[in-house]
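See structure below.
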Amino acid sequence: MNYIDLNDRQREALLHTEGPLLILAGAGSGKTKVITNKIAYLIEEKKVFPSKILAITFTNKAANEMKERVRSLIDVDVDAMWIGTFHSICVRILRMNIERINYTSNFSIYDRDDQITVVKESIKELNLNKDVYKPRGVLEIISKSKNEDIKPDEYINQNYMDFYARNMGEVYALYEKKLKENNALDFDDLILKTVELLERDEEVRNYYRQKFEHVFVDEYQDTNTSQYKLIKLFCRENPNITVVGDNDQSIYKWRGADISNILNFEKDFKNAKVILLEQNYRSTSNILTVANEVIKRNSDRKDKKLWTDKDGGSDVVFMEYRTSIEEEKGVIEKILHMNYKGYNYSDMAILYRTNAQSRGFEEMLVREKIPYKIIGGLRFYDRKEVKDIIAYLRAIQNPSDDVAITRIINVPKRGIGLSTVEKLNAYASENNLSLFEVINTLEENDQLNLRSKKNIKEFSNLMNLLISHKDELKISDLIEKILYESGYIKDLETENTVEARTRIENIKEFGSTAVSYENDNELGTLEDFLSGVSLLSDVDKTEDSERGVKLMTLHAAKGLEFKVVYLVGLEEALFPTSRALESDDDIEEERRLCYVGVTRAEERLFITAAQTRTLYGKTNPTLRSRFIAEMGNTIEIVEPQNKIDTASKNLVEVKDLTTYKPSKVTQSFMPKKTETEKKESLNVSVGDKVAHKKWGEGMIVSKTEKGDDFEIVVSFDGKGLKKLMMSFAPLTVVK
DNA sequence: ATTTGTTCTTGTCGG
DNA sequence: AAGAACAAAT
């Protein structure tokens, strides 16, 4: 093997095989190359056993790529190494050891939807109002508490004086109780329970500490508190740990990622060596200049500046269209043009901030017959029919899984409706039984009528039949049995609509994933198959070889690269997102996201925006994103051909759109009044300068219809953003 | 009485 | 798109 391919910095990282090492790797600086070469070097030169190597990534795709690249470097059994995501490694450890902390190893894994279901049940059971205690919001609190290792009773005690928060603590407590009863773990638990296991059980802890002589962590800037704890638990004295990350690409704060993990590495690990990789092998220097120009505005970061020895390349171009529809059209025209110039469609990607933006581009691509692939969005495994089948499998594997049972008890329809399920649930919690146990001991229950009992009996027979076949059937055959015995397929066939037929197709495709799983893992169990399915992330489900233009969110694009990138929707309140506008920290995260987007491009980068955007059927005027101004003269601003360019015309257009379309109700109930009221109130639009009695002068950032009134957000000079109702605010227009 | 089908509302980021 | 509220069917 030769290591000449590496630059000096990279080689230095490779040769540092003892003790902690932090590699600060800028975008496109060859970090995967360094990790894989280092692993190969350890095995070949340092005679480290592959089974003593642990490498943790964030996606399965990254893990597989790492395995492949090590395999291509040296002749080694890569499956002996532990290379996987945080979650898959934890599941592997838990399946072997979870009995030590009082679970059984056939536990279910709950995804976000399952979590919401449990939260809703808990809210209901505690007789709380779900409009006040919003399930999504409560779940956010629960997840946050879990990641900070705050237990329900602690949370309740901390918030004892706050009625609202205390009740959320009660929901949290019940949620945890239910998960335990269902023998289920959520995504957060996978990490937390592993931490708990290692903390409590010295034997297990020492086993893994001994086993993992060399630990690698990729995307270290994205680790959260519990993941950090886990890493620490794997480490012995002066550990051989290599972490790779880029603080400028930390974009998962909302998921609990703690950027201080990477910023504090040198404090946390004594005698840590730090190596900076700043040479970029991906992009032209023009693209890097834009990236550097944007990211340098962030305050809390390790200073790092990408450079390249490549030529300048083409200018980075910004185009602002009049409407979002014109933006979509313009980008598609550009795609056709670049294709004509010799770029393949598969070399191009459209990157956007929110999934909702994909639809317009998709329609245009279909119209022009350009091949494309949307990554993320409505995911295959999130489809109703696929989730139903998975729920059947989960219920078979772990009958205590009430969420799975509830999902399928009346799918396909078998006459067990809402009120019956409610009764069963009530009986279950009263007697501390699982739903499945209640179903199996129906005779004792006298609250149900005969018809319901008969239907339930049929369902329980079905489930018991399926469970009895669990061990003797292959997974794919079990799936077939489920589809046949439950009548699921028959139901869809009778429906005989286009929709039903695609559902059948999807189910078939799911069946074939089971077949290929069996081919790859001869000894694979149902449990392993199910964990694999639930731990897949978006990015994992897309093949590299896929043809066509790729559409994805900026988050999904991290780690990928494309010859031509279209970065779309650079507008205030969209990118940066409206929810970030009021906090500097959040703006910095949006800026990192922008940096990630820019650095995906290898040769050509087109940035676009629209002056009015139609979303959810509403058209609103927009303001150019601050990031465009921050790029300054590193980008070339090009007037799109289909743009109407006189300023006055734009203004008229904008006004028309804002006062357009009062909601249906207001229109029919009080047409005249609405009209006059709106005319009377201040006639301003986004971008106008206004003055406020208290806050001085500022500029209008957004304007949204709220009933008869408009809510406007104004950015006051030196005072920040304020939300105002237009009819009440003492505002005057500044010319 | 209970389940199933239909219409209307609501929310509205990201993995 | 999913849930609530209501209407229709069993």
Side-chain angles (χ1 to χ4, degrees), chain A residues 57-62 85-87 111-113 115-117 120 124 129-131 134-137 140 143 147 186-188 219 222 224 227 250-257 351-359 375-379 381-384 387 409-424 447-456 491 495 499 534-542 552-559 569 571 573-581 586 589-590 592-594 596-597 613-618 620 663-665 702 704-706:
Chain A
T57 61
F58 268 82
T59 65
N60 292 292
K61 194 181 174 195
T85 62
F86 270 103
H87 293 102
D111 68 9
R112 210 187 130 81
D113 287 346
Q115 289 180 286
I116 292 279
T117 310
K120 276 186 192 157
K124 198 170 164 196
N129 184 344
K130 67 172 163 31
D131 297 328
K134 294 196 170 70
R136 287 173 64 121
E140 221 165 277
S143 182
N147 280 320
D186 62 26
F187 281 171
D188 298 327
E219 308 280 11
D222 288 335
N224 64 27
Q227 287 162 338
S250 163
I251 53 174
Y252 285 111
K253 194 175 127 202
W254 52 274
R255 212 163 65 177
L351 308 183
Y352 35 78
R353 180 63 180 85
T354 65
N355 268 319
Q357 286 164 265
S358 69
R359 228 193 69 205
I375 293 164
L378 223 195
R379 310 173 340 181
Y381 290 88
D382 286 346
R383 298 218 143 89
K384 182 191 177 303
K387 288 202 112 178
I409 195 167
N410 200 26
V411 178
K413 297 245 158 17
R414 45 173 80 88
I416 308 174
L418 230 72
S419 65
T420 307
V421 173
E422 205 122 289
K423 279 175 199 159
L424 291 173
Q447 288 190 314
L448 298 161
N449 63 38
L450 216 76
R451 188 163 53 116
S452 302
K453 275 194 180 180
K454 187 182 136 276
N455 291 335
I456 295 166
D491 230 45
E495 203 183 309
E499 203 193 337
S534 30
L535 296 180
L536 285 175
S537 75
D538 265 26
V539 195
D540 293 332
K541 291 158 209 161
T542 6
M552 69 189 91
T553 62
L554 286 157
H555 283 88
K558 194 168 83 160
E571 296 142 31
L574 181 64
F575 186 30
T577 183
S578 54
R579 284 175 55 169
L581 294 179
D586 292 346
E589 176 135 331
E590 295 290 306
R592 290 193 289 270
L593 200 50
C594 182
V596 167
R613 177 160 296 275
T614 309
L615 216 60
Y616 300 115
K618 285 204 174 94
N620 283 309
S663 72
K664 260 190 210 157
V665 183
S702 80
T704 16
E705 202 175 323
K706 284 271 163 78

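A, B, ... follow the sequence lines: proteins, then strands. Residue 1 opens every chain. All values below were derived from every heavy atom in this structure, side-chain atoms included, with hydrogens, water molecules and symmetry-related copies excluded. Predicted model, so just to flag it, every value in this text is computed and none were measured.
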Could you tell me the separation between the [atom1] atom of [X] and the [atom2] atom of [N], rounded to a whole number of Å?
| X | N | atom1 | atom2 | answer |
| --- | --- | --- | --- | --- |
| A:L424 | B:dT3 | CG | C1' | 15 Å |
| A:W254 | B:dC13 | CH2 | P | 11 Å |
| A:R136 | B:dT12 | CZ | P | 5 Å |
| A:R592 | B:dC13 | CZ | P | 20 Å |
| A:Q227 | B:dG15 | CD | P | 17 Å |
| A:N410 | B:dG5 | CG | P | 10 Å |
| A:D491 | B:dG5 | CG | P | 10 Å |
| A:I409 | B:dT3 | CD1 | P | 11 Å |

With side chain to side chain contact (heavy atoms under 4.5 Å, CB included) as the test, would you mind laying out the steps for A:R112 and A:R136 before giving the verdict? CA-CA 10 Å; A:R112 210 187 130 81; A:R136 287 173 64 121; 3.8 Å; yes
What residues, two or more places apart in sequence or in another chain, satisfy salt bridge (charged side-chain N to carboxylate O under 4.0 Å, His left out) together with A:K413?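 Listed in chain order: nothing, the list is empty.
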Could you tell me which residues satisfy salt bridge (charged side-chain N to carboxylate O under 4.0 Å, His left out) with A:K454, sequence neighbours excluded, listed by chain and number?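 A:K454 satisfies salt bridge (charged side-chain N to carboxylate O under 4.0 Å, His left out) with no other residue.
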Verdict with reasoning, A:I409 to A:L424, per side chain to side chain contact (heavy atoms under 4.5 Å, CB included): CA-CA 11 Å; A:I409 195 167; A:L424 291 173; 4.1 Å; yes
Without hydrogens or angle criteria, can the side chains of A:E140 and A:S143 be said to hold a donor-acceptor pair below 3.5 Å?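 Looking only at side-chain atoms, A:S143 and A:E140 do not form any donor-acceptor pair under 3.5 Å.
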Most 5' of A:R112 and A:R414 on DNA chain B, judged by nearest nucleotide: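 Per heavy-atom nearest nucleotide, the more 5' residue is A:R414.
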First of A:V421 and A:T354 reached from the 5' end of DNA chain B, by closest nucleotide: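 Mapping each residue to its closest nucleotide by heavy atoms, the 5'-most match is A:V421.
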Establish, with yes or no, whether the OP1 or OP2 oxygen of [N] is under 4.0 angstrom from a side-chain nitrogen or oxygen of [X].
| X | N | result |
| --- | --- | --- |
| A:N355 | B:dC13 | no |
| A:K558 | B:dG14 | no |
| A:T420 | B:dT3 | yes |

Check: protein-nucleotides 1-3 of chain C nitrogen or oxygen pairs below 3.5 Å:
unit_1, atom_1, unit_2, atom_2, d
C:dG3, OP1, A:K120, NZ, 3.3

Touch class at under 4.0 angstrom, heavy-atom based, for A:L554 against every strand present: nothing
For a quick check of understanding: with a heavy-atom distance under 4.0 Å over all strands, which category does A:S578 fall into, base, sugar-phosphate or nothing?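 No contact.
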Using the six-membered ring for Trp and the full ring for Phe, Tyr or His, decide whether A:Y252 stacks on the six-membered base ring of B:dG15 (centres under 5.5 Å, planes under 30°). no
Dot-bracket for DNA chain B, please, read 5' to 3', with Watson-Crick or G-U wobble pairs under 3.5 Å on both distances, ( ) within the strand, [ ] crossing, | other strand, . unpaired. ||||||||||.....
Mind running side chain to side chain contact (heavy atoms under 4.5 Å, CB included) on A:Y352 and A:L554 for me, showing each step along the way? CA-CA 6 Å; A:Y352 35 78; A:L554 286 157; over 6 Å; no
Looking at A:A580, is its backbone amide N or carbonyl O close enough to the side chain of A:T577 to form a donor-acceptor pair, meaning the two atoms are under 3.5 Å apart? no
Are side-chain heavy atoms of A:N410 and A:V421 found at a separation under 4.5 Å?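 No, side chains not in contact.
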Pairing residues for A:K387 by the side-chain hydrogen bond (donor to acceptor under 3.5 Å, both in side chains) criterion, not counting sequence neighbours: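 Counting only residues at least two positions away or on another chain, A:K387 forms a side-chain hydrogen bond (donor to acceptor under 3.5 Å, both in side chains) with A:D111, A:D113.
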Could you work out, with ring pair (Phe, Tyr, Trp, His ring centres under 6.0 Å) as the rule, every residue matching A:Y252, not counting sequence neighbours? A:W254, A:H555
With the side chain of A:T553 defined as its heavy atoms from C-beta on, choose the nearest nucleotide among B:dT2, B:dT3, B:dG14.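 Comparing B:dT2, B:dT3, B:dG14 against the side chain of A:T553, the answer is B:dG14.
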